[in-house]
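The structure under discussion appears below in the form of structure tokens.
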Amino acid sequence: MKNIARESEDYFYSAFRHDQWQLMKGTDSSALDHNVQLGEKKFGTVGAVACDIHGNLAAATSTGGMTNKKYGRVGDSPIIGAGTYANNNTCAISCTGHGEPFIRAVTAYDVSCLMEYKGLSLYDAMHIVVHDKLLKIEGEGGMIGVDAKGNAALLFNSEGMYRGYCNSNKERIISIYK
Ligand code: ASP
């Protein structure tokens with residue numbers, strides 16, 4: 001950590017985020033960055049999954065967090081198995097949404113387990129988790145995934161999810177709503 005530059009607190013200030021919080025503070029509710037309507041700019045969650053030429057899988061999630069969340073709250077994004085997971089034998093998964101149910105359901109790992117123990121495809125495993133298991137516990141959100149053969153899936157049970165995909169055949173998808 002010695003050679004990493006440190007920034008002052010001002011560096012992390014965002015007027016956009018501050019305005020979101022002004023709308024929510026004093027209420028008991030919290031909102032995902034993509035649910036709060038404030039202008040066109042989106043600075044929220046960024047998740048990525050990748051499969052290299054050798055079938056190595058990787059996942060990363062940088063949370064946009066939730067507005068008006070409890071001070072000190074840790075969401076699902078940095079918890080391996082909950083919001084982020086990669087295993088060369090099954091899949092790489094990155095999640096977005098209300099983190100608490102994703103943590104309770106160990107969501108990203110659950111997709112991997114369904115593939116490993118039940119022999120499901122990536123899409124079928126993700127479909128069960130996103131459209132059945134998460135919905136039953138009010139887990140709103142979605143996930144992106146890729147398996148070791150390069151099959152990808154981008155599923156969500158929320159109104160929309162900013163998402164993109166590309167492969168070595170130059171197929172490209174960019175989408176927001178269903
Ligand atoms: N899953 C994140 C959390 O609960 C929110 C997000 O999607 O960025 O903290």
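Counting convention: from 1, in listed order, for ligands and their atoms alike.
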(request) Can you establish whether the number of heavy atoms outside Tyr11 located under 6.0 Å from its atom OH is more than 12? (result) no
(message) Taking the basic N atoms (NZ, or NE/NH1/NH2) and the acidic carboxylate oxygens, is any pair closer than 4.0 Å for Glu100 and Arg73?
(response) yes
(request) Pull out every atom of ligand 1 sitting under 4.0 Å from any heavy atom of Thr96, numbered as shown with elements. (result) 6 (C), 7 (O)
(message) Restricting to side-chain hydrogen bond (donor to acceptor under 3.5 Å, both in side chains), what partner residues turn up for Tyr165, sequence neighbours left out?
(response) Asn167
(request) Just jot down the ligand 1 atoms closer than 4.0 angstrom to any heavy atom of Ser77, in number order. (result) 1 (N), 2 (C)
(message) Would Thr63 count as a polar contact of ligand 1, with the cut-off being nitrogen or oxygen pairs under 3.5 Å?
(response) yes
(request) Ignoring angles and geometry beyond distance, decide whether Asp76 reaches within less than 3.5 Å of ligand 1 through its nitrogen or oxygen atoms. (result) yes
(message) Any atom of ligand 1 sitting under 4.0 Å from a heavy atom of Gly97?
(response) yes
(message) Does ligand 1 come near enough to Gly99 that some N or O of the ligand is less than 3.5 Å from an N or O of the residue?
(response) yes
(request) Give a yes or no answer on whether the side chain of Asn89 reaches the backbone of Glu116 with a donor-acceptor pair at less than 3.5 Å. (result) no
(request) Below 4.0 angstrom from a heavy atom of Gly75, which ligand 1 atoms are there? Numbered from 1 as shown, please. (result) 9 (O)
(request) Verify the ring-centre separation between His98 and Phe102: is it less than 6.0 angstrom? (result) no
(message) Any heavy atom of Arg73 closer to ligand 1 than 4.0 angstrom?
(response) yes
(message) Please list all pairs meeting salt bridge (charged side-chain N to carboxylate O under 4.0 Å, His left out) that have one or both residues in residues 145-165, counting only residues at least two apart or in different chains.
(response) none
